[in-house]
Amino acid sequence: MNRCSSATACLGLLLSLVGCGAAPQGPIPSAAQLVSTAEALLQEDRFEEALATLALTLGEATPKRLRDRRDLAYARAEYGRGQPWAGFVLLEKFSDNHPLSELRPQVMKMLWSISQTMLERDRSFWIFWSDRNGARNVLEHLITRHPDSQRLADALRILGDMAFEDEDYELAQERYREIILERPDSDWRFYANYRFAMSIVASLRGPDYDLDGMSLAVTELRTFLRTAPENPQMLAEAEEALQRVLTWQMQRHMNVVAYYGALDNAEGQLHHARLATREEFRGLPGFDEAVALRERLETEQTQPATASGGNP
């Protein structure tokens with residue numbers, strides 16, 4: 001008897017066992033038989049029948065040695081009948097309940113499939129829930145409970161992009177940084193470098209805020225550009241972002257020059273005028289005006305000294 005016919009025969013016996021008060025005919029299937037039957041039914045895409053079979057194996061009805069197979073089969077059945085979130089719920093405690101299971105690689109693949117199905121579907125179930133939120137929960141579970149997954153970099157990339165879309169730039173940076181540090185050989189490494197830098201840029205609010213953040217953004221953008229990216233769009237956006245942040249840096253120093261001017265602090269003015277005319281700012285809008293201001297401030301500082309040096 002082949003596997004499919006065996007599953008059908010076992011299913012027939014199950015149906016006789018749950019009949020309306022009918023006395024069971026033949027031996028009651030063991031938990032091992034039930035799990036094997038459900039697995040065979042899954043191979044035939046008979047998901048509802050597999051669920052009905054697995055319902056008889058819940059709780060203590062199944063020996064511990066079989067529960068990892070049962071749990072995975074249950075999740076596959078729910079996923080197969082169009083309930084990916086229910087499949088995830090069944091696998092959420094798998095790594096805790098079965099830490100040494102040989103089925104963990106299959107579970108990781110299942111979790112990835114569930115997340116992708118939910119992302120592709122992405123329709124609202126109700127006002128506070130969406131497939132996108134569900135997919136994010138599944139992917140966060142995958143990277144935290146199954147960090148050895150071959151899909152780790154892919155999951156981190158999706159989570160980083162989600163955080164970026166949600167304007168949670170700090171979390172986006174964290175996800176992209178994990179790719180850079182944990183999966184340096186991943187195909188997503190250069191993309192992660194780019195998005196890490198761009199998420200820092202996106203978190204900035206112009207020349208009046210966070211000079212340290214601007215400096216970090218410039219460093220990361222230059223690091224990315226040194227990789228000689230082949231993607232023309234990424235290259236153009238990174239170069240534009242670099243020029244924008246450099247302009248903000250220069251403007252920030254010029255704003256400080258004006259601030260010290262209001263305080264009649266010539267030394268502070270000159271210091272920031274020199275910072276605003278560093279070579280890296282050459283060619284930016286306003287650079288020539290900054291140079292002219294610095295030269296004037298330098299002249300004003302040297303003239304009093306020269307005059308006082310000429311007095312007896």
Side-chain angles (χ1 to χ4, degrees), residues 1-20 22 24 26-98 101-126 129-139 141-142 145-146 149-151 155:
M1 182 180 294
N2 60 35
R3 187 175 184 181
C4 292
S5 59
S6 176
T8 301
C10 188
L11 183 61
L13 177 57
L14 291 174
L15 293 175
S16 71
L17 289 174
V18 297
C20 297
I28 298 176
S30 66
Q33 289 175 313
L34 292 170
V35 172
S36 295
T37 296
E39 291 171 336
L41 291 168
L42 289 172
Q43 292 296 321
E44 301 177 42
D45 294 341
R46 295 162 67 179
F47 305 114
E48 297 291 349
E49 293 166 304
L51 283 171
T53 302
L54 290 165
L56 302 175
T57 68
L58 298 180
E60 301 299 320
T62 301
K64 289 183 179 180
R65 60 184 177 81
L66 293 173
R67 291 177 190 172
D68 58 341
R69 285 175 56 193
R70 177 201 64 189
D71 293 349
L72 178 58
Y74 222 122
R76 288 175 56 199
E78 288 286 11
Y79 176 72
R81 75 184 186 110
Q83 298 296 325
W85 180 254
F88 166 65
V89 171
L90 288 164
L91 295 178
E92 193 170 11
K93 299 295 183 181
F94 192 94
S95 59
D96 294 330
N97 297 335
H98 318 294
S101 174
E102 295 179 354
L103 298 178
R104 286 188 69 249
Q106 294 185 44
V107 169
M108 288 186 270
K109 290 180 180 179
M110 185 87 247
L111 290 168
W112 174 255
S113 296
I114 289 172
S115 72
Q116 297 312 289
T117 296
M118 299 186 79
L119 281 175
E120 291 170 6
R121 194 169 65 177
D122 193 22
R123 70 170 187 270
S124 295
F125 285 125
W126 58 301
W129 183 255
S130 72
D131 282 317
R132 184 179 184 273
N133 291 336
R136 177 167 50 203
N137 289 339
V138 175
L139 290 170
H141 175 81
L142 182 64
R145 306 314 300 273
H146 300 278
S149 169
Q150 293 183 348
R151 291 289 190 173

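Closest approach of Thr53 and Leu34 over heavy atoms only: CG2-O, 3.3 Å. Counting all heavy atoms, side chain and backbone alike, Gly87 lies closest to Ile114 at C-CD1, 3.9 Å. The two residues Leu142 and Ala155 make their nearest non-hydrogen contact at CD2-CB, 4.3 Å. For the pair Pro84 and Arg121, the tightest heavy-atom approach, listed with the atom from each and the gap, is CG-NH2, 3.5 Å. The minimum heavy-atom distance linking Ala50 with Leu42 is given by the pair CB-CD2, 3.8 Å.
Under the salt bridge (charged side-chain N to carboxylate O under 4.0 Å, His left out) criterion, Arg70 pairs with no residue, sequence neighbours left out. Residues passing the side-chain hydrogen bond (donor to acceptor under 3.5 Å, both in side chains) test with Arg69 are Ser36, Glu39, sequence neighbours excluded. With sequence neighbours excluded, the residues satisfying ring pair (Phe, Tyr, Trp, His ring centres under 6.0 Å) with His141 are Phe88, His146. Residues that satisfy the side-chain hydrogen bond (donor to acceptor under 3.5 Å, both in side chains) test with Ser101, not counting sequence neighbours, are Asp68. In this view, Glu60 and Arg67 satisfy the salt bridge (charged side-chain N to carboxylate O under 4.0 Å, His left out) rule, not counting sequence neighbours. A search for ring pair (Phe, Tyr, Trp, His ring centres under 6.0 Å) contacts involving Phe94 returns His98, not counting sequence neighbours. For Ser115, the side-chain contact (heavy atoms from CB on, under 4.5 Å) partners two or more places apart in sequence, or in a different chain, are Trp112, Val138, Leu139. Every residue two or more places apart in sequence or in another chain that forms a side-chain contact (heavy atoms from CB on, under 4.5 Å) with Ala32 is listed here: Ser30, Leu66.
With contacts defined as side-chain heavy-atom distances shorter than 4.5 Å, the pair Leu51/Phe47 does not qualify.
A salt bridge (charged side-chain N to carboxylate O under 4.0 Å, His left out) check over residues 72-81, counting only residues at least two apart or in different chains, returns the pairs Glu48-Arg81, Glu78-Arg81. Applying the salt bridge (charged side-chain N to carboxylate O under 4.0 Å, His left out) test to residues at least two apart or on different chains, the pairs with a partner in residues 88-98 are Asp96-Arg145.
Residues Ser113 and Tyr79 bring no donor and acceptor atom of their side chains to less than 3.5 Å of each other.
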